[in-house]
Novice: 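After the structure tokens below, expect a handful of questions from me.
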Amino acid sequence: MSAVANGFAALDGIEILAVDGLLAVSALGLLLVDVAMPAGNKRVIGYGALLLLGLAFAATFTLDLTGTALSGAYVGDGFAIWCKRIFIGAGFFGVLGGLDSTARIGPRRQGEYYQLLLMSVLGMTLLAGARDLILLMVSFELMSLPLYAMAAWGGIGNYPEQKGPIPGMTMPSKRRWHRPAEAGLKLYLVGAVSTVVALYGISLVFGLGGSTRFAVLATTLTGGPLLTLAVAMIVAGFAFKIGAAPFHMWVPDTYEGASTPFVAFLSVAPKAAGFAALVQLLLGPLAGMAATWTTLVVVLIVVSLLVGNLMAVPQQNIKRMLGFSGVAQMGFGLMALLAAGSVTAHDVASRGVRPEGLATLLFFLAAYMVANMGAFFTVEAVAAAGYTPGKPADERDDDDTLPTFAGLHSRSPALALAGLLFVLSLGGIPFAVGFWAKVWVLLSLWAAGFGWLVVMAAALSAAGLFYYLQVARSMYMKAPVGADGTTLPAVKVGGGLLLAIVLLALLTMGVGLFPGPVMEAARIAAGL
Amino acid sequence: MTHDLLALLALLSPLVAAVVLFIIAPLRVRGAVSAALTIGATSVSLVASVLLAAARMFGATAPNVDLQLAWLPGGAQTLATVGVYVDPVAAPMMVVVALVALCVQVYSVGYLGHEPSRDRGRYFAYHALFAFSMLGLVMAPNLLQLFVCWELVGLASYLLIGYYWTKPSAGQAALKAFWVTKFADMGLMLGLMVLYVKTGGFDWNVPVGQALMTADAETIAGLFFLAVVGKSAQFPMHIWLPDAMEGPTPVSALLHAATMVAAGVYLIVRAYPIFMLAPTVLTVMVYLGAFTALFAAVVAVFQDDIKKVLAFSTCSQLGYMVAALGTGSMVSGYFHLTTHAFFKALLFLTAGSLIHAVHSNSLHDMGGLWAKMKPTGILLIIGSLALAGFPMTAGFFSKDLILEELLHAGHYLPLGAAILAAGLTAFYMTRVVMLSLFGAPSEAAEHAHESPAVMLAPMVLLAVLALAGGLLHGDFARMAGVEAAFHVTPVGVVATLVGFSGIGLGLWRFSPGRRTAIGTQWVSAPMRLLTWLTASKPVDVFFAGFYRQAMLRAAAGIAWFDRYIIDALINLSGWAVLRGAERFRELQTGQPTDYVYAVVGGLIVLTAMGVFTA
């Protein structure tokens, strides 16, 4: 009797993994449906994924997901639930905004895309509560591997064929497929190296601490040069995933090459997951090494702010610009992490500092997700409709450059307004949600004693307005005339993309006007 | 709970109408649709306001509605909240705002009936925005929301005054109104900053235990009062009000009766706990208010434009309110605000009806309209009697209360000015009535015809309130905690007699038989000099000079600094950013091997840093 009970002890509290279970069943179920369905346009799988992600999102609110499971390897707390909402929300919007684009690229093979996306989201949600090195790494890889495939997925489409090198041979038009392939390959190569680095760091931690459980490691890790090396490796490895400089090199190339709705997902969800992993390791078992890792994080912040803001300025391709701007945004996220790690119990007691860093990070990630996905979807809407019907198909919708936004205000006023809202939020202009995120991060960092970093970040943020407002300028102050002198057509947005843009714009504006309740929720989620 | 919903309904229904009309252009360009939406929304507000007020007046004591949403979180406590707050002070004002707004909107349907549909649509959209802003101001749970709505009210009035945007004078008038009130608004903003620094919040009820020092209260109340002087058109910042008559007449009724100018007085009423801590400011209010009351009444006597008479009359009456509030009697000023809203809205609407009939603002072009427009004539006379403080009309009760408070507080000089102004008020309103309704009809008046029912109905409603509004006096007294029935006082008798003599003098001077010359010619040369001096001209000249000499020169200096110092710095930083970007760009080679080198290089740097600091 007791043997049986012991055998199932690992399953105690398993109900807090209900959402993750739902996602796993969804991904596998959609795979079965895909196989069983007759060949043809499989758009319906996208709807299924949307519905299931919506259900999972609702479940994070209705179910009680707090507790401990898997013998302590998995913990459901406010932080984990908040992260799950970001991941599932990003997945939901990623599917919603990409329904048309995915169906256009590969109508027969869209099922794969949604299965991969659900798998990736599953990896993230598992990661959010992992309190065990192995679970953390496995779920991290479960998240990462589908992303490599999805980045290259844009290259599978049925493109017009062109003459091959040998007479009589045909091959797909190179112009269209080589960029997604490049995007996927670069993401994979740099990702593999970074994973190796992180994994090596984690194995060192295991070796030094003698356990994979965070609860044990927190007491057994004592410091020393090897642990310093391990911390550096872990920080470097996860910095790749969040795209912080100098581990950001893949960001612009991948963003430019992969399909835009996928980039909308890639630019927010895995980054939030990277932060979730960093928070769990650095504020958990490695909290004792805060003196070391905060130094490393400061380096990453400075380099990210400099490289991101400066490199974004000369970009003509909006996706590359948003990529570099994302690097700078990650600097802000790291600042929140730094604030969380720098406020000690002593500060709280002696200086009355509020340990708000973690709450600001959660709020920042949500704000960044909303505005950044919105911005990419706006790019998708403009680029997808921006081609002229006369152009050959293989030259279509490649144009993500700034001139395609010229005079968008007079062509599609509502879309231009939404786009303006998103760039203003990213630029941190009141009263968009991004403003509150930046202000809150800076305030908490100031309280943590990094005045110089606050000043530098504020100054570079101001410089960042240059490239954000360039988009606004193009939309509102330029005539709607293309580079070749032709009048640009109105942009018609419909279906899921429209719905996604509207919802994200409402969130950006609504939370921007009334940040209070969401900030309070973030504070509660952070355990304050 | 029901009351919470009612309060939200009252505030949000005009907002919904405004948002729908501003966003959905096809609805906005149809005048009828826009009017129906706005009037429907305001009716909802009115019904909700009446229900809320009824439960808080006439002896009923429903608990306050207090719904607040954390808006700006800040450190340990919430920095600011937004919401709805209905207490016995806010409830009557909500009714006044919603009622006058509704009357004016219905009236506008007739008054602007000949305007293009597109313009009418725009007009009613502004009205919806106005109603929302004003109700938001009245129902504000703290002074920060009040400030936000205050600015929205300013914006909506600016849009409404400039409704005839093709007319340059309308554009200029709107700009002037904006410029003057903006200048004054700085007072409110600075006052709020001081209030926040001193108390850590935007509450008008200063928490017990951290009472404001008197000096701080004086500063805050003084800054707030600056805003009131601008918004409620007190001397010397009244200059925008006569010009604001460029807007359509119903707009004048709305702005100068119930709402925009009343916002200033309402600010004092709301922030009264703070004003009560500032005796100096209160004294200044008494004297400035009484002076404005007398000064504006004198100027009103000499105006030939019927709307300008009413505009200066509004300045004068607001002076009464400010003076009353300065005596420390919140109720008397607030009560006059309410009654004045009814009869001044009525007067503007009747004036609009006359203007509509003769297509001119000038009293010269009217005359003999009694025969053509008897209903409007009766309504004009009712409004004039109420404004003149004729016994048993609404104005009688409220003005009497103010005079009594002035006497009670021992401000004899302001009391004398106020009584004199009461006589002048009776005189100039009699003048308006006699010149417009009686005597030989002018050429334009020959073809005059009565306004349609859609314009008359709101006027009749307001006339009833102008006559019967005095019945509320006991209720306002209860608000102050005194169970006071009305009683005859010596000062009331004196004021009434002065009022009668003003009416009598007007009847004699402007009786149809004596009307050989009207307009400014009827006064002697010394009087005309006095007119010029007291009319807004010298003040206008002063402000224009101040603007040109001081502000434009300062602006030129700032512009120079901006161009040659700030711009240079910005251009320098822009150049540095671009150069830096070019350098960094070379790192982004596109070669995956270089990317892997970057990862490894970064790792080495991080490790070195870690070892170095460990």
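Scope of the values below: all heavy atoms of this structure, side chains included, with no hydrogens, waters or symmetry mates. In what follows, every chain begins at residue 1, and chains take the letters A, B, ... in the order their sequences are listed. Values in this document were obtained by computation on a predicted structure and should not be read as measured data.
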Novice: Got B:P592 and A:L185 here, is their nearest side-chain heavy-atom distance under 4.5 Å?
Specialist: no
Novice: In terms of heavy-atom proximity below 4.5 Å to chain B, should A:F514 be classed as side chain, backbone, both, or neither?
Specialist: both
Novice: Please round to the nearest 0.5 Å and tell me the distance separating atom CG of B:L606 and atom OG1 of A:T295.
Specialist: 10.5 Å
Novice: Could you tell me which residues satisfy ring pair (Phe, Tyr, Trp, His ring centres under 6.0 Å) with A:W440, sequence neighbours excluded, listed by chain and number?
Specialist: A:F363
Novice: Just so I know, are the side chains of B:Y595 and A:D253 near enough to count as touching, which here means a heavy-atom distance under 4.5 Å?
Specialist: yes
Novice: Let me confirm one number: the CG-CZ distance from A:L310 to B:R579, rounded to the nearest 0.5 Å.
Specialist: 13.0 Å
Novice: As a test of understanding, state which of A:T292, A:L296, A:V235 forms a side chain to side chain contact (heavy atoms under 4.5 Å, CB included) with B:M609.
Specialist: A:L296
Novice: Under a 4.5 Å heavy-atom cut-off, does chain B meet the side chain of A:V313, its backbone, both or neither?
Specialist: side chain
Novice: If you draw a 6.0 Å radius around CZ in B:F22, do more than 12 non-hydrogen atoms from other residues or ligands fall strictly inside?
Specialist: yes
Novice: Evaluate whether atom OH of B:Y597 has more than 12 neighbouring non-hydrogen atoms of other residues, nucleotides or ligands under 6.0 angstrom away.
Specialist: no
Novice: Please list, chain by chain and in numerical order, all residues satisfying ring pair (Phe, Tyr, Trp, His ring centres under 6.0 Å) with A:F240, sequence neighbours excluded.
Specialist: A:W250
Novice: Could you tell me which portion of A:P225 (side chain, backbone, both or neither) has an atom closer than 4.5 angstrom to a non-hydrogen atom of chain B?
Specialist: neither
Novice: If you take all heavy atoms of B:G602 and A:P246, which pair is closest and at what distance?
Specialist: CA-CG, 3.9 Å
Novice: Are the side chains of B:L603 and A:M233 in contact, using a 4.5 Å heavy-atom criterion?
Specialist: yes
Novice: What distance do A:L189 atom CG and B:T593 atom OG1 have between them, rounded to the nearest 0.5 Å?
Specialist: 9.5 Å
Novice: I'd like to know whether CZ of B:F147 has more than 12 heavy-atom contacts from other residues, nucleotides or ligands below 6.0 angstrom.
Specialist: yes
Novice: I need the A:M249 CE to B:Q591 CD distance, nearest 0.5 Å.
Specialist: 11.5 Å
